[in-house]
Amino acid sequence: MTSQPDSLIAPAVLPGNAIHAVSSARLNKPKGRPDTVAVGTIVWLASELMFFAALFAAYFWIRNATNEQAAAGNTLSLWDASTQHLDITFASVNTAILVTSSITCQLGANAAEHGRVNGSWLNPLKWGLRQAFIVTFILGSLFVGGQVWEYFTLFGEGFQVSTNAYWSAFFLATGFHGIHVVGGLVAFLFVLARSYMTRTHTHEQTVTAHVVSYYWHFVDVVWIILFGVIYFLR
């Protein structure tokens, strides 16, 4: 069987020249049942949603408690004093980068679904899985770099996780999100490496591309909520 590294259509029969035996379940979509990897990813993301919900709950609880103390003492709220040090313009640009990466990620998932592993760099609508995920990885890395830059700027102003309740909530919420973004970047590298190393694109690889896109969209949505809460809800 002739290998087709840029083909997404899984063959009906097992490749005879494979180094190791490949099961038909990896090559073709199972009939009559959903993919277990996709279902498992959705369940796992639901648990991650609860984790971030707990962070949001802690953030709002600390905010309300400190605001009530400030109102009782007729002093400036800790939240009002601390949020003045946030750079909303820089954070908005960084957010736009992450949102754009979600679009390119979906282009890659769509390309995987329609049979394009490799495509034209000049036309985003004709990108393959590789082009779209490479661009997504670059944008995601820019977002992480922007967050690191913001952290060092705040460190230079004397704000750390142990400074007070506000900065504890800020660094914990954005820091855990940043760790999740880094995890997504590692997943993109895995999918890209797999696309270059395998001789035939399989259904299993298509599912992997989709579940990585689920995760990335989840990370983006969480950040949009975080961005609105931290930078605009004061």
Side-chain angles (χ1 to χ4, degrees), residues 1-45 48 97-145 148 177-220:
M1 177 179 175
T2 303
S3 63
Q4 298 178 348
D6 292 339
S7 173
L8 186 74
I9 306 303
V13 296
L14 301 182
N17 58 353
I19 298 176
H20 302 288
V22 183
S23 67
S24 60
R26 295 178 60 186
L27 292 170
N28 302 288
K29 183 176 181 179
K31 296 180 180 180
R33 61 183 177 84
D35 291 292
T36 55
V37 175
V39 174
T41 300
I42 293 173
V43 173
W44 174 63
L45 290 179
E48 288 293 287
I97 291 174
L98 190 63
V99 171
T100 302
S101 75
S102 193
I103 297 173
T104 59
C105 176
Q106 189 58 46
L107 289 175
N110 291 343
E113 185 68 30
H114 291 90
R116 279 193 319 276
V117 173
N118 204 18
S120 171
W121 278 103
L122 300 178
N123 186 355
L125 295 180
K126 293 184 179 180
W127 278 352
L129 170 68
R130 292 172 185 167
Q131 286 78 21
F133 275 18
I134 288 173
V135 173
T136 304
F137 177 85
I138 294 173
L139 292 174
S141 299
L142 288 174
F143 173 83
V144 173
V148 171
H177 177 268
I179 293 173
H180 281 73
V181 174
V182 172
L185 296 179
V186 173
F188 284 123
L189 290 178
F190 172 78
V191 174
L192 287 169
R194 203 177 188 186
S195 76
Y196 283 103
M197 294 175 65
T198 54
R199 306 178 67 175
T200 301
H201 194 92
T202 64
H203 168 70
E204 182 183 48
Q205 292 171 264
T206 303
V207 173
T208 303
H210 276 293
V211 298
V212 170
S213 73
Y214 297 162
Y215 177 83
W216 197 249
H217 295 325
F218 169 81
V219 168
D220 280 14

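The figures here come from the full heavy-atom set of this structure, side chains too, leaving out hydrogens, waters and symmetry mates.
Considering all non-hydrogen atoms of both residues, Ala109 and Ala209 come closest at CB-O, 4.5 Å. Considering all non-hydrogen atoms of both residues, Ala187 and Val212 come closest at CB-CG2, 4.0 Å. Closest heavy-atom contact between Val117 and Gln131: O-OE1, 4.2 Å. A pairwise comparison of heavy atoms in Thr208 and Val211 identifies O-CG2, 3.1 Å as the closest pair. Asp220 approaches Ser101 most closely through the heavy-atom pair OD2-OG, 3.9 Å.
Proximity of a side-chain donor or acceptor of Trp127 to a complementary backbone N or O of Trp121 within less than 3.5 Å is detected. Judged by distance alone, with hydrogens and angles left aside, the side-chain atoms of Gln106 form no donor-acceptor pair with the main-chain N or O of Ile103 at under 3.5 Å. Side chain of Tyr215 to main chain of Leu45: no donor-acceptor pair is present (N/O by atom type, distance under 3.5 Å, no hydrogens or angles). Not a single donor-acceptor pair under 3.5 Å links the side chain of Arg194 to the backbone N or O of Gln205.
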Distance-only check: which donor-acceptor pairs under 3.5 Å involve side-chain atoms of residues 136-143, not counting sequence neighbours?
from, atom 1, to, atom 2, distance (Å)
Thr136, OG1, Thr104, OG1, 2.6
Thr136, OG1, Cys105, N, 3.1
Thr136, OG1, Ala132, O, 2.7
Ser141, OG, Phe137, O, 2.8

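Of the inter-residue distances, the one linking Leu107 atom CG with Leu129 atom CG reads 11.0 Å to the nearest 0.5 angstrom. Here CZ of Phe218 is found 8.0 Å from CH2 of Trp44. Values are rounded to the nearest 0.5 Å. The line from CG of Leu192 to CZ of Arg130 is 8.5 Å long, rounded to the nearest 0.5 Å. Note that CG of Asn110 is 8.5 Å distant from OG of Ser213, once rounded to the nearest 0.5 Å.
Between Val144 and the options Leu98, Ile179, Val181, a side chain to side chain contact (heavy atoms under 4.5 Å, CB included) holds for only Val181.
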